[in-house]
Amino acid sequence: MATFDLRTDPGAPVCSRAGCSNRASWRVNWRNPRIHAVDRVKIWAACDDHCAFLADYLRSRAFPVTVTGIDEDVERLEDVADSLTSGGAEGGSLG
């Protein structure tokens, strides 16, 4: 289960993109399948401007990624190949 506190001060999550101090409204949930089990979910907070950039950065490394709203928790992320084989829609999108 993801247990990270994205808030640097109460009620104000900040984007994880280097140099950005915008308020985050998205979670980019990810894991490195070479070193993390499926229930180890890492989180980057993202503002509207950087959400796609951060998710694409991780996907380009073949990491499983799901984008959710800032308050939506993700308990596990299956490997990319597993979700493609099973027909799963893991990966999230902004629409």
Side-chain angles (χ1 to χ4, degrees):
M1 182 167 142
T3 58
F4 298 101
D5 182 2
L6 297 176
R7 303 177 192 295
T8 56
D9 59 272
V14 176
C15 183
S16 297
R17 174 77 164 118
C20 183
S21 59
N22 292 337
R23 182 180 180 97
S25 53
W26 302 100
R27 278 187 189 209
V28 180
N29 304 277
W30 65 281
R31 75 177 176 85
N32 181 339
R34 291 181 292 280
I35 60 175
H36 299 127
V38 295
D39 62 345
R40 174 64 164 107
V41 179
K42 300 188 67 127
I43 301 166
W44 284 350
C47 66
D48 289 341
D49 293 339
H50 295 117
C51 188
F53 171 84
L54 292 170
D56 290 346
Y57 175 86
L58 295 163
R59 286 186 186 116
S60 73
R61 284 147 181 80
F63 293 170
V65 176
T66 298
V67 176
T68 61
I70 197 68
D71 295 320
E72 297 175 57
D73 200 20
V74 171
E75 303 257 342
R76 60 189 289 125
L77 287 170
E78 302 296 333
D79 289 344
V80 173
D82 291 346
S83 66
L84 293 175
T85 303
S86 67
E90 285 296 308
S93 71
L94 297 176

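Position 1 is the first residue of the sequence, and the numbers go up from there. Hydrogens, waters and symmetry mates play no part in the numbers below; they use all other heavy atoms, side chains included. As the structure is a prediction and not an experimental result, all values here were calculated from the model.
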**Asked** Hey, does the side chain of Ser16 reach the backbone of Ala45 with a donor-acceptor pair shorter than 3.5 angstrom?
**Response** yes
For a quick test of reading the model, state the closest non-hydrogen atom pair linking [X] to [Y] and the distance between them.
| X | Y | result |
| --- | --- | --- |
| Cys20 | Val14 | O-CG1, 3.9 Å |
| Ala62 | Pro33 | O-CG, 4.3 Å |
| Pro13 | Ile70 | CG-CG1, 3.9 Å |

**Request:** For residues Leu54 and Trp26, determine if any side-chain heavy atom of one lies less than 4.5 Å from a side-chain heavy atom of the other.
**Result:** no
**Asked** Under a 4.5 Å cut-off applied to non-hydrogen side-chain atoms, are Arg23 and Cys15 in contact?
**Response** no
**Item:** Spacing of OH belonging to Tyr57 relative to NE2 belonging to His50, to within rounding of 0.5 Å
**Value:** 14.5 Å
**Asked** Hey, what do you get for CZ (Arg27) to OG1 (Thr66), rounding to the nearest 0.5 Å?
**Response** 12.0 Å
**Message:** With side chain to side chain contact (heavy atoms under 4.5 Å, CB included) as the criterion, how do Val41 and Arg31 come out once you've worked through the C-alpha distance, each side chain's angles and the decisive distance to 0.1 Å?
**Reply:** CA-CA 5 Å; Val41 179; Arg31 75 177 176 85; 5.7 Å; no
**Prompt:** Would you call the rings of Phe63 and Trp30 parallel, tilted or perpendicular if under 30° counts as parallel and over 60° as perpendicular?
**Reply:** parallel
